[in-house]
Amino acid sequence: MLGTSTTMNPIRQIAFGYSTKCNIRCGHCVASDDSIPHGKMTLERAMAIIEQMARCNVTGISFTAGEPLIFFEDMTRLVKLCHEKDIYSRVVTNCFWAKTSEQADDTVSALTRSGLSQLRLSFSRWHQEHIRRENVVNAANSCQKHGLDYFISFVTDFSRQDDSLEQFLRDNNLKFFPEPVIYLGRAQEFDPPRIFTDYHPNTCNMNPYLSPELDMFACCDGGDQFKETEFFLLGNLRDYGIDELFKRKENNVLFHLIRTMGLTNIASYLGLKANEIVQYRKCELCEKLFNSTENLNTLEKAATSDLLNWKR
Ligand code: SF4
Ligand code: SF4
């Protein structure tokens, strides 16, 4: 592991995978991939980890991975603990529980009473093959009614097929943010249309992810997907403390460069032509650079010398 004192007062936030189990099967899913066994940690273990995270200055926890609210009682306990420890909490959900406005109210009011900070509602043409789109409206309206912060994560491949879904969100005056499909997990089987992006830096915040098996990864999207190099794997909580695993992320020069210098300049340093780089989506470029032993060896050798100085 490369070491440098790149971050003095890091912000510590994490995607918390209490379970990868889900009640639906979206065609684009990264988190609940069939190649990954669907695990769940015990409630006692999760509570102990959150206690440790509070002692290690973690300020935000996003409950994600599968569908957290299929374990509703557990989730309210975990959210309540976050609230007691002054940790910002978010739950990411597919809204299966919001079939009627009354049912949505029951769930949202219980989460609000537990101290939840924010609900993130997933919406896409893949989710909506299984969940009625009206569920998302019911959930969003209940959040507004109970004063719970929310937003809709509108996952899209930016094709015309998604126009009517986007219009539906606009017609219902809902707060939404488009997000690109990540072509990892099940979406690896898609045939992504080629794109030409602007020559933007492709920096990435890199929130870490804790799996139900207690593996901690430096990235919550590509985390356990870069199988050839295991580039993002920080270690397992059975072997190392939370603080140690966060420090591994914070002190890794390549992770630091992804956050600050961006993938585009790293790719250019590695020899990719500019007209090739603009054909990559961000996570695809990341995989090209770091899921190859050869590229990773080159970049690790250069990380503390040439690469750190590869700036204008
Ligand atoms: S709701 Fe989320 S976790 Fe479940 S299958 Fe869909 S994308 Fe995956
Ligand atoms: S660009 Fe890399 S670090 Fe960022 S989300 Fe994608 S896979 Fe993770």
Nearest heavy-atom pair of [X] and [Y]: which atoms, and what distance?
| X | Y | value |
| --- | --- | --- |
| Ala303 | Val253 | O-CG1, 3.5 Å |
| His127 | Ser124 | ND1-OG, 2.7 Å |
| Arg259 | Glu250 | NH2-O, 4.2 Å |
| Val108 | Ala139 | CG2-O, 4.3 Å |
| Ser268 | Tyr199 | CB-OH, 3.9 Å |
| Leu78 | Ile50 | CD2-CD1, 3.9 Å |

Do Arg281 and Glu284 meet the salt-bridge criterion of a basic N to acidic O distance under 4.0 Å? yes
Tell me, please, which residues at least two apart from [X] pass side-chain contact (heavy atoms from CB on, under 4.5 Å).
| X | answer |
| --- | --- |
| Ser159 | Arg125, Asp157, Gln161 |
| Asn291 | Phe226, Glu228, Thr229, Glu287 |
| Asp74 | Tyr18, Lys40, Leu43, Phe71 |
| Thr76 | Phe72, Glu73, Leu111, Ser114 |

Gap separating the [atom1] atom of [X] from the [atom2] atom of [Y], nearest 0.5 angstrom:
| X | Y | atom1 | atom2 | result |
| --- | --- | --- | --- | --- |
| Phe123 | Glu179 | CZ | CD | 13.5 Å |
| His83 | Leu81 | NE2 | CG | 11.0 Å |
| Ile242 | Ile14 | CD1 | CD1 | 6.0 Å |
| Asn265 | Leu270 | CG | CG | 12.5 Å |
| Leu121 | Cys95 | CG | SG | 4.0 Å |
| Gln13 | Ile87 | CD | CD1 | 11.0 Å |

Say whether [X] and [Y] are linked into one hydrophobic cluster, either directly or through other cluster members, by side-chain heavy-atom distances under 4.5 angstrom.
| X | Y | result |
| --- | --- | --- |
| Ile11 | Tyr88 | no |
| Tyr280 | Tyr183 | no |
| Ile131 | Val92 | no |
| Leu263 | Phe196 | yes |
| Val155 | Ile182 | no |

Results of ring-ring contact (aromatic ring centres under 6.0 Å, His included) for [X] - residues two or more places apart only:
| X | value |
| --- | --- |
| Trp126 | His28, Phe190 |
| Phe246 | none |
| Phe177 | Phe151 |

Residues in salt bridge (charged side-chain N to carboxylate O under 4.0 Å, His left out) contact with [X], at least two apart in sequence or another chain:
| X | answer |
| --- | --- |
| Lys99 | none |
| Glu84 | Lys80 |
| Asp243 | Arg12, Lys247 |
| Asp106 | none |

Using 30° and 60° as the class limits, which term best fits the ring planes of Phe255 and Phe232: parallel, tilted or perpendicular? parallel
What I'd like to find out is whether the side chain of Lys301 reaches to under 4.5 Å of the side chain of Asp306, using heavy atoms alone. no
Heavy-atom donor-acceptor pair, [X] side chain to [Y] backbone, under 3.5 Å:
| X | Y | value |
| --- | --- | --- |
| Ser117 | Ser89 | yes |
| Gln279 | Asn275 | yes |
| Arg186 | Cys26 | yes |
| Ser101 | Asn138 | no |
| Asn172 | Phe168 | yes |
| Asn94 | Phe96 | yes |

Pairs flagged by ring pair (Phe, Tyr, Trp, His ring centres under 6.0 Å) wherever residues 284-312 is involved - sequence neighbours left out: Phe231-Phe290, Tyr269-Trp310
I'd like to know whether CD of Gln167 has more than 12 heavy-atom contacts from other residues, nucleotides or ligands below 6.0 angstrom. yes
Could you please spell out the steps behind the side chain to side chain donor-acceptor pair (under 3.5 Å) verdict for Asp105 and Ser142? CA-CA 5 Å; Asp105 279 350; Ser142 281; 2.6 Å; yes
